[in-house]
2 protein chains.
Amino acid sequence: MNTNYPGYEQVAVTVDLVVFTVNDDALNVMLVKRAEEPFADRWSLPGGFLRSSESLEDAALRVLKEKAGVEDVYVEQLYTFGDLARDPRARVITVAYFALIPWKELVSSPSDKVTDLMWASATRLPKLAFDHREIVAYAVQRLRAKAGYSNIVYALMPRQFRLSELQRMYEIIMNDKLDKRNFRKRMLATGLLQETGRKDVAGAHRPAMLYKFKKMEIAFLD
Amino acid sequence: MNTNYPGYEQVAVTVDLVVFTVNDDALNVMLVKRAEEPFADRWSLPGGFLRSSESLEDAALRVLKEKAGVEDVYVEQLYTFGDLARDPRARVITVAYFALIPWKELVSSPSDKVTDLMWASATRLPKLAFDHREIVAYAVQRLRAKAGYSNIVYALMPRQFRLSELQRMYEIIMNDKLDKRNFRKRMLATGLLQETGRKDVAGAHRPAMLYKFKKMEIAFLD
DNA sequence: GTAGTTAGTGTTCATATTACACTTAGTATA
DNA sequence: TATACTAAGTGTAATATGAACACTAACTAC
């Protein structure tokens, strides 16, 4: 790079991802096992160095594709962590992103090739490398806040779903029980849901109407 | 730095500040005139390169002290901008912060020495260097959102103030007119305000009670 | 055909938000 | 010293919002 700038000192930049999915009644975070020092063999967030030929967002999408094998999912910049001691070897700042992926998109993805990958409950994380525990905590906080005032939860749902599944999603993320009637009233009042006309016939009980989102955009509510 | 890391490529990191103050019935942003290329003589946000010996937050505070001559003001990380083309000379990503400073703290500060400095209305900015216009727009959006659900506006107020001044501050930031009675009811209901017992006697009218904040911390409301 | 399971539906009550107009306490000046 | 001027300060009624709450419907399994 051009080093004409005065005051320039070398700092490395990485991009780390907090990839959320909901499965097994829990909010799960994607972790990868580090192969190299520092923190070899320790679980960590998927990430990588920013290349000089790609934007931050491009880097985040690249990591997401490499590690999770997915594209076209919800990604948002979270925060930039730059404490001096966060990497014991060198000065590295990391731009953290978070991503939301419906579980169904993951089981069909080619990420099975990656062996040193796990999904850990966001509330029961193993020891993580660097300051990644702090990054996850921040991401959970952001996700909960946004679930409260936007329809961001959409990004975790499959294409069609029962209202009870949508309610369960909210309950898992917010870690709270919701009233069925009030929930349905509120959701339908947004005008963002559409009946598909199809019913799901799973189980020994009354079939449920399947819904989908009219648009996939994330919007502020109220 | 240690370059053992695989995949590392050189990227420079700067910190830029969107410093807000309210004066003259307008939300103003601090601008400095660039001395050097690129964008020499163009107005820009105050900023500087991240030094390898300081954290991101330290860098933001350093810039704030150098350019605005203030310490102990509200500072919050805004967003990190990293498009490829944002700096025509080299690959530079910038971690943007925004700061809130009561106007009264500025007039008494030694920043008068800095000559190439101006305060521009956030809605009537001159042409800015780099992608700084976009950064300001993002900061305004964040400030407005936070004014709606937190007491962040406190950070723009002097130590003592009339309720009508506080109302005016909200009106300027939100660009909206508020009802006097409802505003006072709501503010007093938060329990965060305290009468000082002193009245301000400015002008040919009934004197107003002066209030102060019980704590300076920024809190979420409701 | 009976038991089991989830889907689906309205109303009431409490709380929060909005709209709205007059009196009070001071200064300036005729 | 009375009158005009200005901003401070105050309450209530109407409306909208959010919370609590229980039964019937539709299907499968046995």
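Source: prediction; values computed, not measured. Throughout, protein chains are lettered first and strands after them, A, B, ... in sequence-line order, and every chain is numbered starting at 1.
When each of dG9(D), dA25(C), dA19(C) is scored by its nearest atom to the side-chain atoms of R184(B), the top-ranked nucleotide is dG9(D). Distance from the side chain of D179(A) is smallest for dC21(D) among the nucleotides dT12(D), dC21(D), dA19(D). Checking dA19(C), dA26(D), dT24(C) against the side-chain heavy atoms of R206(B) singles out dT24(C) as nearest. Listed nucleotides dA8(D), dT5(C), dG10(C) differ in distance to H205(A); the shortest reach to its side chain belongs to dT5(C). The side chain of R181(A) lies closest to dT9(C) when the candidates are dT18(C), dA25(C), dT9(C). Side-chain atoms of A204(B) lie closest to dG26(C) of the nucleotides dA26(D), dG26(C), dG8(C). Across dC20(C), dA8(D), dG8(C), the shortest atom-to-atom separation from the side chain of A208(B) is found for dA8(D).
Side-chain atoms of K177(B) stay outside donor-acceptor range of the base of dT18(C), with no qualifying N/O pair under 3.5 Å.
Following rounding to the nearest Å, R162(B) (CZ) and dT6(D) (P) show an atom-to-atom distance of 15 Å. Between the CG atom of L221(A) and the P atom of dG18(D) there is a distance of 11 Å, rounded to whole Å. Between L166(B) atom CG and dG9(D) atom C1' there is a gap of 16 Å when expressed in whole angstrom units. Atom CG of D200(B) and atom P of dG26(C) are 12 Å apart (whole Å). When the P atom of dA8(D) is taken as reference, atom NZ of K180(B) falls 6 Å away, rounded to whole Å. Taking atom CG of L178(A) as the reference point, atom P of dC21(D) lies 15 Å away to the nearest angstrom. Regarding F183(B), its CZ atom lies at a distance of 14 Å from the C1' atom of dG9(D), rounded to whole Å. Computed from coordinates, the F161(A) CZ to dA7(C) P distance equals 14 Å when rounded to whole Å.
Proximity of S164(A) to the phosphate of dA7(C): a side-chain N or O atom is located under 4.0 Å from OP1 or OP2.
Ion pairing between R168(A) and E165(A) fails under the 4.0 Å rule for side-chain N and carboxylate O. Salt bridge annotation for D200(B)-R162(B): present, with a cationic side-chain nitrogen under 4.0 angstrom from a carboxylate oxygen.
Ring centroids of F130(B) and F39(B) are separated by less than 6.0 Å, placing the two rings close together.
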Evaluate the salt bridge (charged side-chain N to carboxylate O under 4.0 Å, His left out) criterion for residues K146(A) and E76(A): first the C-alpha distance (whole Å), next the side-chain angles of each, then the deciding distance (0.1 Å), finally the verdict.
CA-CA 12 Å; K146(A) 282 211 151 180; E76(A) 153 179 339; 2.9 Å; yes
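Between F20(B) and F98(B), the two ring planes are perpendicular [angle over 60°; tilted spans 30° to 60°].
Residues K33(A) and R42(A) form no side-chain contact, since every pair of their non-hydrogen atoms from C-beta on lies 4.5 Å or further apart.
No side-chain donor from either of S55(A) and D83(B) sits under 3.5 Å from a side-chain acceptor of the other. No side-chain donor from either of S121(A) and N28(A) sits under 3.5 Å from a side-chain acceptor of the other.
Across residues 186-196 of chain A, not one residue has a non-hydrogen atom less than 4.0 Å from an atom of DNA chain C.
Sequence order on DNA chain D of the closest nucleotides to K199(A) and N182(A) puts N182(A) first from the 5' end. Looking at which nucleotide of DNA chain D each of K185(B) and L163(B) is closest to, the 5′-most match is held by L163(B).
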